[in-house]
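Okay, structure first, notes after.
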Amino acid sequence: MTRLSLHLRPVAILAVLLLFSLCAGAQVDSSAVEANFSGNTAQYQISPDSLTAPVDYQSRDSMEVDLANQRIHLYGAARVNYESISLQAEHIVLDYGTNLVTAEPYPDTSGVLVGDPQFSDGGQEFTAKNIKYNFKSKKGIVTETVTTQDDVYVRGGKSKFVSGAVQTNDSTRSDVIYTEGAIFTSCSAEHPHFGVRTQKAKVVPNKLAIIGPSNLEIMGVPTPFWLPFGFFPLKSGRSTGLLFPSDYQYSQQWGFGFQGIGWFFPIGEHVNLQVTSDIYLNGTFTLNAASSYRKRYKYSGNFDFSYRRLVEKTSVAENYQDVNNQGFSFGWRHRQDPRAHPTFTFGGSINFQTNQVNQRYLNSYEAASTNVIRSSMNITKSFPALKSTLTAGITHSQNNQTGVINVNFPDARFQTQTIYPLRNLPGSQRAWYKKLSFRYVSELRSEFSGIDTDSTSFFSQQTLDDVRYGFTHRVNTALSLNVLRYFNVSPNASYSETYYGKTLEYFLDESTLETEDIIDENGNPAVDTTSFATIDSRLNPGLAGFRSFNAGVSVSTQLFGTVRLGGRGLFGLKGLRHVMKPSVSIGYVPSYLDARDFISGQPYFIRDNRIDPDRGNPNNFRSPFAGQIFSAPSRSEGNFAASYSISNLFEAKVWNRKDSTDNIVKLFQNIAVSGRYDLAADSLQWSVIRVSGSTSFFKGLTQVNLRASLDPYIAVFDEAQGGAVRLDRTTLREDGVPFQLTNFSGTISTNLTVAKIRQLFQGAEEEYVEDVAEERRQQREEANTLFEETDILSLFEKFSIRHTYNYSLDREVAVVAGQRDTLRFNTVANSIELRGALQLTENWSVNIGQIGYDFTSKRITYPYLSFARDLHCWEMRFSWAPQRNTYQFTIAVKPGTFDFLEVPVNQNRYDGRNLFGT
């Protein structure tokens, strides 16, 4: 048997194999519409100096062999694969005489060219109009190449292609394209609307592009903006690089400047860092650092830091002076994955700023309207064996109007779960003593408080001098008993101890004492006191504490009342239901007026006449523990009182005509009545009666909350106290009524959205939300969804209108005895606000960040409006905050690699204030 050894060029081998396939295909029914031609060289023995791997080939429509010119034509989804190289096009020509392969598009039945060639080599790929490639030299000529990576499109003219020309690493080589007349852009159009045009460029697909002298081109028109050279990374993933300015500005106050210039640093595998700056010619600048980090199944978070130095020109005595306002802001948000640790969690957020730098610099509605900034970062460790939890961290609050800052650090809390110590004793589990429970709680806290304004700083020695710290712990015990089947009886007791490192020392401040020399009626010289000394206090270090105890018992039950109407009821009303939950409790608290701390000897209370023997009121008490972080002991002369509360729920059963079912409607979600009776007092035993209620209308569109105060005693005007005082005379005896109304207030809040309006008129049932976080996530997704315009309401799917009305009806006690009291109606707040986005067309959108009107103060509340126009790869935006007289207009490339290309026109809030009087 003679073995035939083939020693052919690579393209020739392809030609022979394709010829075999053609001969085999000749036996197929010629009436078939499509024929699939494929094969490889694995079944043939090749000589040692031939191809080292099988060659796969295929075509969809047909194959033509030109033996005279040594060419093979593949038509229709043609593909040739060899090792890591893959070439596909509608038409591929193999010239096995010259080792050339040519790929190009091919006209379809309508004469339109389809199927641009695509070349792929080891994950590197590009598209072109025509490709000529030599298998032997691994070089080729391509025309109109298109390489895409992320949002960057590289469109070249005539180019030279070299396969595997650059050594990437020890085992990988990369292809190189040398091109002429290339344009780099993020526009996907075949004729880009903008780009950086260069005459010479070296492109390593999916790696890097290096360009020579080039200029910016917009709508095919060259601009005067030139670059001597440039680098474009063409690989995905993170890499260190320059961040171009996000905005260019000119300000009368600050001069020319730009925002957002900086650098991006990938730090390790899980952390990114971005450092940017805003710089203006007059000296105003900001320095910003932002970082984000994430480790899968462990944690994620981000932090940001900004230092801002704002230079303003103010007019002083007809001269302009520079005034510097500077400060910093810091934010940190950390979230631990729930799967990271079963008993340990760490997370929260910290938001801090000085000198109100965000309100001064930023124009967003959130920054301008935020009155209080809060922070909370905690570590929580649970001990399942001990049935307890330890939480430690830092909390912070900052009032942007008053400048008051409060920081609690360290802030630690240890607490146990409800423990039943007798539950494991022998006997029935229903035994009363097995229901005895107790709970222990201890807290340690330090509070730093200070004012941060232009003239004072929170970070000062005074803040450290005024720090307060303390420790408290308490134990509660309770017992739950079921008496006479329908009554729940719960005895309870509580004991606590509180210790402070500083207490208040009261003294008579004689610096406020003012006198003057006068002549009395007899003509003798005398001294007249015009201002007396006052009682003041100061913090003194020293450990002191107090103890408190209380005990009581409560009884509660439930009462049900129903009214049923037969059949379909009265106008669809089939029945009413009333659920009443009364509760009565009796509590005892001992008197602490004469108590002393047994450690320091500090009294719990000090009478004013002991501080000021001449003018002090012996019935007025001051506590050394007043104003502390865990409060002060009770100031009453002992307390033995009964408290009562009654909550009511009213429901109706309504027949639904649509589906012939019964629906339960809540008429009033809760009506509560509460008060107390002092068993130890000799007068004014009854307290003011508090009544509150809430309900909703129109399927939750409108929420109503009502509150009222009813007093069983009459009140008169006292000139000494400058207000109304209660007398031990009941309204029942004086006026024949059980009580009188002293205050009635309410809040009516209506929140309208298109979805709720549709729900109201279509009769959709309200959904019960079990997972609040998932519901909010779905709402955010719906807010970002472009709704299909099916009716006029679809345009306003993202709009919400909220109206809030607060009012009060107050009793004003008559100043003159014998006159009748008056009821005065006051509107506390009456405002309406609108928010939302309006998608006018596919490319036009209008956004109303906030606009409202306060009917009480008769002014518009911080309107913030914007609109946007989609210009394919460009975007036009305009935003306006008329209350601050600021605006911003930009035409810019969409966010991405080239988003530094923009034309901005804007006015900041300092120019908007017209400080120069122009």
Side-chain angles (χ1 to χ4, degrees), residues 330 332 346-354 372-381 388-399 402-416 439-452 456-476 494-507 535-549 592 595-606 621-635:
F330 175 78
W332 180 29
F346 172 63
S349 64
I350 293 179
N351 304 282
F352 188 85
Q353 66 171 324
T354 62
V372 180
I373 300 175
R374 303 184 186 276
S375 303
S376 177
M377 184 70 69
N378 295 305
I379 298 175
T380 302
K381 172 64 178 178
S388 59
T389 303
L390 174 63
T391 302
I394 179 174
T395 60
H396 152 260
S397 65
Q398 181 174 354
N399 192 305
T402 62
V404 175
I405 299 177
N406 293 306
V407 177
N408 294 324
F409 177 79
D411 189 356
R413 178 186 178 93
F414 176 81
Q415 62 181 8
T416 65
R439 189 178 186 184
Y440 174 78
V441 178
S442 63
E443 295 182 73
L444 173 67
R445 185 180 305 164
S446 297
E447 183 177 86
F448 299 84
S449 182
I451 297 179
D452 183 78
T456 61
S457 174
F458 175 76
F459 300 96
S460 63
Q461 184 62 38
Q462 187 64 39
T463 302
L464 295 177
D465 295 340
D466 294 340
V467 62
R468 303 190 181 198
Y469 45 90
F471 170 79
T472 184
H473 65 148
R474 60 185 178 273
V475 59
N476 304 322
S494 175
Y495 175 79
S496 66
E497 293 182 347
T498 304
Y499 299 92
Y500 293 118
K502 294 181 180 180
T503 55
L504 291 176
E505 178 190 5
Y506 294 95
F507 62 94
I535 298 177
D536 201 352
S537 64
R538 55 175 168 256
L539 278 174
N540 277 346
L543 182 65
F546 65 89
R547 281 142 291 283
S548 63
F549 169 79
Y592 300 109
R596 284 180 175 270
D597 176 25
F598 63 83
I599 297 178
S600 63
Q602 187 78 257
Y604 287 11
F605 295 96
I606 304 173
F621 296 85
R622 300 176 188 266
S623 174
F625 308 103
Q628 293 280 17
I629 49 183
F630 295 120
S631 71
S634 174
R635 195 167 53 181

Got a donor-acceptor contact below 3.5 angstrom from the [X] side chain to the [Y] backbone?
{"X": "K502", "Y": "V467", "value": "yes"}
{"X": "S623", "Y": "Y604", "value": "yes"}
{"X": "S449", "Y": "N406", "value": "no"}
{"X": "R439", "Y": "T416", "value": "yes"}
{"X": "H396", "Y": "N351", "value": "yes"}
{"X": "R596", "Y": "G601", "value": "yes"}

Would you say the side chain of [Y] lies within less than 4.5 Å of the side chain of [X], judging by non-hydrogen atoms?
{"X": "F409", "Y": "S446", "result": "no"}
{"X": "F459", "Y": "D452", "result": "no"}
{"X": "H473", "Y": "E443", "result": "no"}
{"X": "I379", "Y": "T391", "result": "no"}
{"X": "T380", "Y": "T389", "result": "yes"}
{"X": "N408", "Y": "F448", "result": "no"}
{"X": "E497", "Y": "R547", "result": "yes"}
{"X": "D536", "Y": "Y506", "result": "no"}

Fill in: R538 and E505 ion-paired at < 4.0 Å
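A salt bridge is present here (some side-chain N lies under 4.0 Å from a carboxylate O).
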Discussion item. Looking at every non-hydrogen atom in both residues, tell me the closest pair between G545 and F625 and how far apart they are.
Written reply: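 Looking at all heavy atoms of both residues, the closest pair is O-CZ, 3.6 Å.
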Discussion item. How close do S548 and Y592 get, counting heavy atoms only, and between which atoms?
Written reply: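 Nearest heavy atoms, S548 then Y592: CA-OH, 3.1 Å.
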Item to complete: Take atom CZ of F630 as the centre, draw a 6.0 Å sphere, and report whether it contains more than 12 heavy atoms from other residues, nucleotides or ligands.
Response: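 It does: F630 CZ has more than 12 such atoms within range.
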Worksheet item: For the atom pair OH (Y469) and CD1 (I629), what is the distance rounded to the nearest 0.5 Å?
Response: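 One gets 10.5 Å once the value is rounded to the nearest 0.5 Å.
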Fill in: side chain to side chain donor-acceptor pair (under 3.5 Å): pairs with one or both residues in residues 624-635, sequence neighbours excluded
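Output for this query lists S634-S636.
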